[in-house]
Novice: 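Attaching a single structure in structure tokens format; questions to follow.
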Amino acid sequence: MDIGTVGVVGCGLMGSGIAEIAAKSDFDVKVREVSKDFLEAGEKRIRKSMDRAVEKEKLSAEDRDAAWARLSFTTEISDLAECDLVIEAIVEELAAKNALFGELDGLCGENTIFASNTSSLTITDMAAATSRPDRFVGLHFFNPVPVMKLVEVVRTIATSDETFERAFAFSKAVGKVPITAKDNSGFVVNLLLVPYMLDAIRQLERGVASVRDIDTGMTLGCGYPMGPFLLCDFVGIDTLYRISEIMFEEYREERYAPPPLLRRIVALGRYGRKTGRGFYDWSGDEPVPLPV
Ligand code: CAA
Ligand code: NAD
């Protein structure tokens, strides 16, 4: 596979999880954030998740310490120059991702593979803006990364067989089950999952039932691990809104359109569990539905 050092750009919900599983799987990992504050918050998230795994006896303290020692944190993009694979997990915006990959393209060696964890953008739109579309793939992990077993490995019509195989082997090496997906917006899972979440918001707008009752309905009625509104808060309302806009722009189908209520919740800065408020208030022991 020929991958030893992995760069992870963005240490939010997803980047922190990706960095954690890569370090636990014996890769050296360099994590880059935009500022010291974001870097510290990401570091804390990784540490907390690893400590929790030790408490639950899923990881030995010795293995946690070894994994921690393989992680390094930086705000300097130049520190990623020597990475064999760089995985991007920054905000869901094409311009921001392309600006980042443009910088990396000038820094990293010929053999470095670029991967995006995007939920809804096409990999081709990012790959085409670099000088290495043949060494560019999608590696779409799921939240929470340490728990969810799936990775969608996305190849574009320009991705080389060698790049795809290296990315596929990496996904297995970090303990995931990879599936191959075509480069269409939403890949496999989000094509089905995003309309479901948006539909739950539309049913709420129609007054079908309360947030709590819709969540209870889908959890107890269908055996889903969490209801759609808990899931929205879990994914991030800001991220879901961007995903919805991108997928609607791509397909022009109503099922992907952001419902007005979603836009209003974003406007209020209620981004979900990560900011303490979304469809639910997360400040207490249990999430409590907020007015909608
Ligand atoms: N980090 C590490 N481990 C975590 C974790 C986290 N953030 N959250 C939970 N866990 C672990 C716990 O340690 C626990 O492990 P054990 O069973 O071995 O003790 C296990 O996960 C279950 O956790 P809990 O008992 O605390 O809670 P739970 O039973 O309610 O499960 C959950 C939590 C795994 C998140 C579960 O509710 C679930 O599967 N929810 C659905 C998640 C989902 O659908 N994710 C996909 C989101 S969409 C996406 O990712 C794509 C996109 O592009 C937007
Ligand atoms: P997040 O908001 O939790 O984290 C994004 C992080 O990226 C922030 O900490 C921000 O400071 C940082 N960042 C922004 N620009 C940067 C740059 N140029 N360099 C370094 N860091 C930068 O978002 P997230 O939920 O982790 O999502 C990240 C990506 O993963 C998005 O593309 C999203 O669509 C995708 N994704 C999200 C989920 C989910 O459930 N949240 C699941 C799968 C994929």
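Numbers for residues simply follow the sequence, beginning at 1. Counting convention: from 1, in listed order, for ligands and their atoms alike.
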Novice: Looking at ligand 2, does Tyr271 have a heavy atom less than 4.0 Å from it?
Specialist: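 No, that is not the case, since the closest heavy atom of the residue is not under 4.0 Å from the ligand.
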
Novice: Pull out every atom of ligand 1 sitting under 4.0 Å from any heavy atom of Pro146, numbered as shown with elements.
Specialist: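 The atoms of ligand 1 under 4.0 Å from a heavy atom of Pro146 are 1 (N), 2 (C).
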
Novice: For atom 44 (O) of ligand 1, what is the closest protein heavy atom, and at what distance to 0.1 Å?
Specialist: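 Here the closest protein heavy atom is Leu231 CD1, 3.5 Å.
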
Novice: Check whether any side-chain N or O of Glu88 sits under 3.5 Å from a backbone N or O of Ile90 as a donor-acceptor pair, and report yes or no.
Specialist: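 Checking the backbone N and O of Ile90 against the side chain of Glu88, a donor-acceptor pair under 3.5 Å is found.
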
Novice: Measure the distances from the heavy atoms of Arg242 to every atom of ligand 2 and state whether one is below 4.0 angstrom.
Specialist: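 So Arg242 does not count as touching ligand 2.
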
Novice: Checking the N or O distance criterion of under 3.5 Å, is ligand 2 in contact with Leu13?
Specialist: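 Checking ligand 2 against Leu13, an N or O pair does fall under 3.5 Å apart.
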
Novice: By number and element, which atoms of ligand 1 are closer than 4.0 Å to a non-hydrogen atom of Ser49?
Specialist: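 The list of qualifying atoms is 1 (N), 2 (C).
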
Novice: Considering heavy atoms of the protein only, find what lies nearest to atom 35 (C) of ligand 1 and give residue, atom and distance to 0.1 Å.
Specialist: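 Residue, atom and distance for the closest contact: Phe234 CZ, 3.6 Å.
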
Novice: Number the atoms of ligand 2 from 1 as they appear, then name those within less than 4.0 Å of a heavy atom of Lys274, with their elements.
Specialist: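 Listed by number with element, the hits are 1 (P), 2 (O), 3 (O).
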
Novice: Heavy atoms only: which of Glu93, Met14, Arg32 is nearest to atom 42 (C) of ligand 2?
Specialist: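 The option holding the nearest heavy atom is Met14.
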
Novice: Among protein heavy atoms, which sits nearest to atom 49 (C) of ligand 1, and what does the distance come to when rounded to 0.1 Å?
Specialist: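 Sorting protein heavy atoms by distance from atom 49 (C) of ligand 1 puts Phe142 CD2, 3.5 Å first.
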
Novice: Can you tell me which residue and heavy atom of the protein come closest to atom 41 (N) of ligand 2, and the distance to 0.1 Å?
Specialist: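 Its nearest protein heavy-atom neighbour is Val235 O, 2.8 Å.
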
Novice: Measuring from atom CG of Asp125 to atom NZ of Lys97, what distance do you get when rounded to the nearest 0.5 angstrom?
Specialist: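 It is 12.0 Å, given to the nearest 0.5 Å.
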
Novice: Under a 4.0 angstrom heavy-atom cut-off, which atoms of ligand 1 come close to Ser119?
Specialist: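 Taking each heavy atom of Ser119 in turn, ligand 1 has 52 (C), 53 (O), 54 (C) under 4.0 Å.
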
Novice: When rounded to the nearest 0.5 angstrom, what is the spacing between CD1 in Ile265 and CD1 in Ile237?
Specialist: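 It is 6.0 Å, given to the nearest 0.5 Å.
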
Novice: Under the 3.5 angstrom rule, does the side chain of Arg45 hit a backbone N or O of Gly12 as a donor-acceptor pair?
Specialist: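 Answer holds: yes.
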
Novice: Determine whether a donor-acceptor pair (N or O, by modelled atom type, separation under 3.5 Å) exists between the side chain of Arg132 and the backbone of Thr112.
Specialist: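 Yes, because the side chain of Arg132 sits within donor-acceptor range (under 3.5 Å) of the backbone of Thr112.
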
Novice: Side chain, backbone, both or neither: which applies to Asn190 and ligand 1 if a contact is any heavy-atom pair less than 4.0 Å apart?
Specialist: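 Looking at Asn190 and ligand 1, just side chain atoms fall under 4.0 Å.
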
Novice: Glu92 versus ligand 2: do any nitrogen or oxygen atoms come within less than 3.5 Å of each other?
Specialist: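 Yes, Glu92 has an N/O under 3.5 Å of an N/O on ligand 2.
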
Novice: Run the contact test for Phe142 against ligand 2 with a 4.0 Å cut-off on heavy atoms, strictly below, and give the result.
Specialist: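 Not so, Phe142 does not reach ligand 2.
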
Novice: Test your reading of the model: is there a side-chain donor-acceptor pair from Ser16 to the backbone of Gly42, 3.5 Å cut-off?
Specialist: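 No; zero donor-acceptor contacts below 3.5 Å.
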
Novice: Tell me whether Glu92 contacts the main-chain N or O of Ser119 through its side chain, where contact means a donor paired with an acceptor under 3.5 Å.
Specialist: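 Yes; at least one donor-acceptor contact below 3.5 Å.
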
Novice: My understanding is that we take every heavy atom of each candidate and find the minimum distance to atom 15 (O) of ligand 1. Doing that for Lys58, Lys48, Met197, which one comes out nearest?
Specialist: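 When every heavy atom of Lys58, Lys48, Met197 is considered, Lys58 comes closest to atom 15 (O) of ligand 1.
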
Novice: Can a donor-acceptor pair be found, under 3.5 Å and without considering hydrogens, that links the side chain of Arg70 to the backbone of Ala23?
Specialist: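 Yes: the side chain of Arg70 pairs with the backbone of Ala23.
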
Novice: For atom 8 (C) of ligand 2, tell me which residue out of Glu88, Glu33, Glu103 has the closest non-hydrogen atom.
Specialist: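 That would be Glu33.
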
Novice: Measure the distance from atom 36 (C) of ligand 1 to every protein heavy atom, then report the residue, atom name and distance (to 0.1 Å) of the closest one.
Specialist: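 Nearest neighbour among protein heavy atoms for atom 36 (C) of ligand 1, to 0.1 Å: Pro225 CB, 3.9 Å.
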
Novice: Please list, in number order, the atoms of ligand 2 under 4.0 Å from a heavy atom of Lys97.
Specialist: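 Within the 4.0 Å cut-off of Lys97, ligand 2 contributes 31 (C), 32 (O).
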
Novice: How many angstroms lie between atom CZ of Phe38 and atom CD of Glu33, to the nearest 0.5 angstrom?
Specialist: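 One finds 6.5 Å between CZ of Phe38 and CD of Glu33.
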
Novice: Considering only heavy atoms, which of Ser120, Ser119, Gly236 lies nearest to atom 34 (O) of ligand 2?
Specialist: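 Answer by nearest heavy atom: Ser119.
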
Novice: Run the numbers on Asp161 and Arg155 for side chain to side chain contact (heavy atoms under 4.5 Å, CB included), then give the verdict.
Specialist: CA-CA 9 Å; Asp161 288 344; Arg155 67 183 307 167; 2.8 Å; yes

Novice: Going by heavy-atom distance to atom 8 (N) of ligand 1, choose the closest among Arg52, Arg45, Glu92, Glu20.
Specialist: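 When every heavy atom of Arg52, Arg45, Glu92, Glu20 is considered, Arg52 comes closest to atom 8 (N) of ligand 1.
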
Novice: If hydrogens are left out, which of Val189, Leu150, Leu193, Asn143 has an atom nearest to atom 46 (C) of ligand 1, that is, the closest non-hydrogen atom?
Specialist: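 Heavy atom nearest to atom 46 (C) of ligand 1 belongs to Asn143.
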
Novice: Going by an N to O cut-off under 4.0 Å, is there a salt bridge joining Arg202 and Asp199?
Specialist: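 Yes, charged N to carboxylate O under 4.0 Å.
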
Novice: If I take atom CG from residue Leu150 and atom CD1 from residue Ile179, how far apart are they, to the nearest 0.5 angstrom?
Specialist: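 Between Leu150 CG and Ile179 CD1, I get 4.5 Å after rounding to 0.5 Å.
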
Novice: So is Gly15 polar-close to ligand 2, meaning N/O to N/O under 3.5 Å?
Specialist: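 For ligand 2, there is no N or O atom that lies under 3.5 Å from one belonging to Gly15.
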
Novice: Looking at Val9, which atoms of ligand 2 are within less than 4.0 Å of one of its heavy atoms?
Specialist: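 Listed by number with element: 19 (N), 20 (C).
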
Novice: Considering non-hydrogen atoms of the protein only, which is the closest contact for atom 7 (O) of ligand 2, and what is the distance?
Specialist: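 That would be Ile90 CA, 3.5 Å.
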
Novice: Using heavy atoms and a threshold below 4.0 Å, how should the contact between Thr239 and ligand 2 be classified: side chain, backbone, both, or neither?
Specialist: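 Contact part for Thr239 vs ligand 2: side chain (C-beta onward).
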
Novice: Are the charged groups of Arg166 and Asp84 less than 4.0 angstrom apart, N to O?
Specialist: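 The answer is no: the pair does not qualify as a salt bridge.
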
Novice: Provide, to 0.1 Å, the distance between atom 37 (O) of ligand 1 and the closest protein heavy atom, together with that atom's residue and name.
Specialist: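 Protein heavy atom with the smallest distance to atom 37 (O) of ligand 1: Met226 CE, 3.3 Å.
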
Novice: Supply the atom-to-atom distance Glu205 CD to Ile201 CD1, rounded to the nearest 0.5 angstrom.
Specialist: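 Reported to 0.5 Å precision, the distance equals 7.5 Å.
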
Novice: Tell me: protein heavy atom nearest atom 19 (O) of ligand 1, and distance?
Specialist: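 Protein heavy atom at minimum distance: Lys56 NZ, 3.0 Å.
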
Novice: Just by modelled atom types, is the Leu230 backbone N or O under 3.5 Å from a matching donor or acceptor in the Asp215 side chain?
Specialist: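 At least one qualifying donor-acceptor pair exists.
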
Novice: Answer yes when Arg252 and Glu249 have at least one side-chain N-carboxylate O distance shorter than 4.0 Å, and no when they do not.
Specialist: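 Yes, Arg252 and Glu249 are salt-bridged.
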
Novice: Any protein heavy atom at under 4.0 Å, with atom 31 (O) of ligand 1 as the reference point?
Specialist: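 Under 4.0 Å from atom 31 (O) of ligand 1, zero protein heavy atoms found.
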
Novice: Touching ligand 1 at all, Tyr224? Heavy atoms, strictly under 4.0 Å?
Specialist: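 It does not; every heavy atom stays at 4.0 Å or beyond.
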
Novice: Between ligand 2 and Ala89, can you find any atom pair, the residue atom being a heavy atom, that is separated by under 4.0 Å?
Specialist: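 Checking ligand 2 against Ala89, which is what was asked, there is a heavy-atom contact under 4.0 Å.
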
Novice: Would you check if there is a donor-acceptor pair between the side chains of Asp281 and Ser283 at a distance under 3.5 Å?
Specialist: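 Ser283 vs Asp281: donor-acceptor pair found between side chains.
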
Novice: Taking Ser35's backbone N and O only, do any of them form a donor-acceptor pair with Thr75's side chain (distance below 3.5 Å, no angle check)?
Specialist: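 A pair under 3.5 Å: no.
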
Novice: Any atom of ligand 1 sitting under 4.0 Å from a heavy atom of His140?
Specialist: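 Yes.
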
Novice: Classify the contact between Val145 and ligand 1 as side chain, backbone, both or neither, using a heavy-atom distance cut-off of under 4.0 Å.
Specialist: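 No part of Val145 comes within reach of ligand 1.
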
Novice: Can you check whether Thr118 has an N/O within less than 3.5 Å of an N/O in ligand 2?
Specialist: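 Between Thr118 and ligand 2 (N or O atoms, distance only) the closest approach is not under 3.5 Å.
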
Novice: Check ligand 2 against His140 and write out every atom of the ligand that is under 4.0 Å from a heavy-atom position of the residue.
Specialist: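 Counting from 1, the qualifying ligand atoms are 43 (C), 44 (C).
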
Novice: Could you state the interatomic distance from NE2 (His140) to CZ (Phe187), rounded to the nearest 0.5 Å?
Specialist: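 Going from the NE2 atom of His140 to the CZ atom of Phe187 covers 6.5 Å.
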
Novice: Out of all atoms in ligand 2, which are within 4.0 Å of some heavy atom of Phe141? Include the element for each.
Specialist: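 Answer, ordered by atom number: 43 (C).
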
Novice: Checking a contact table here: which protein heavy atom is nearest atom 7 (N) of ligand 1, and how many Å away?
Specialist: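 Protein heavy atom with the smallest distance to atom 7 (N) of ligand 1: Pro144 CB, 3.5 Å.
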
Novice: Between Lys24 and Asp63, does any side-chain N to carboxylate O distance fall below 4.0 Å?
Specialist: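 No, this pair does not count.
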
Novice: Side chains of Thr159 and Thr156: any donor to acceptor distance under 3.5 Å?
Specialist: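 Yes, Thr159 and Thr156 have a side-chain donor paired with an acceptor closer than 3.5 Å.
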
Novice: Give the residue and atom name of whichever protein heavy atom lies nearest to atom 21 (O) of ligand 1, and the separation in Å to one decimal.
Specialist: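 Atom 21 (O) of ligand 1 sits closest to the protein heavy atom Val147 CG2, 3.5 Å.
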
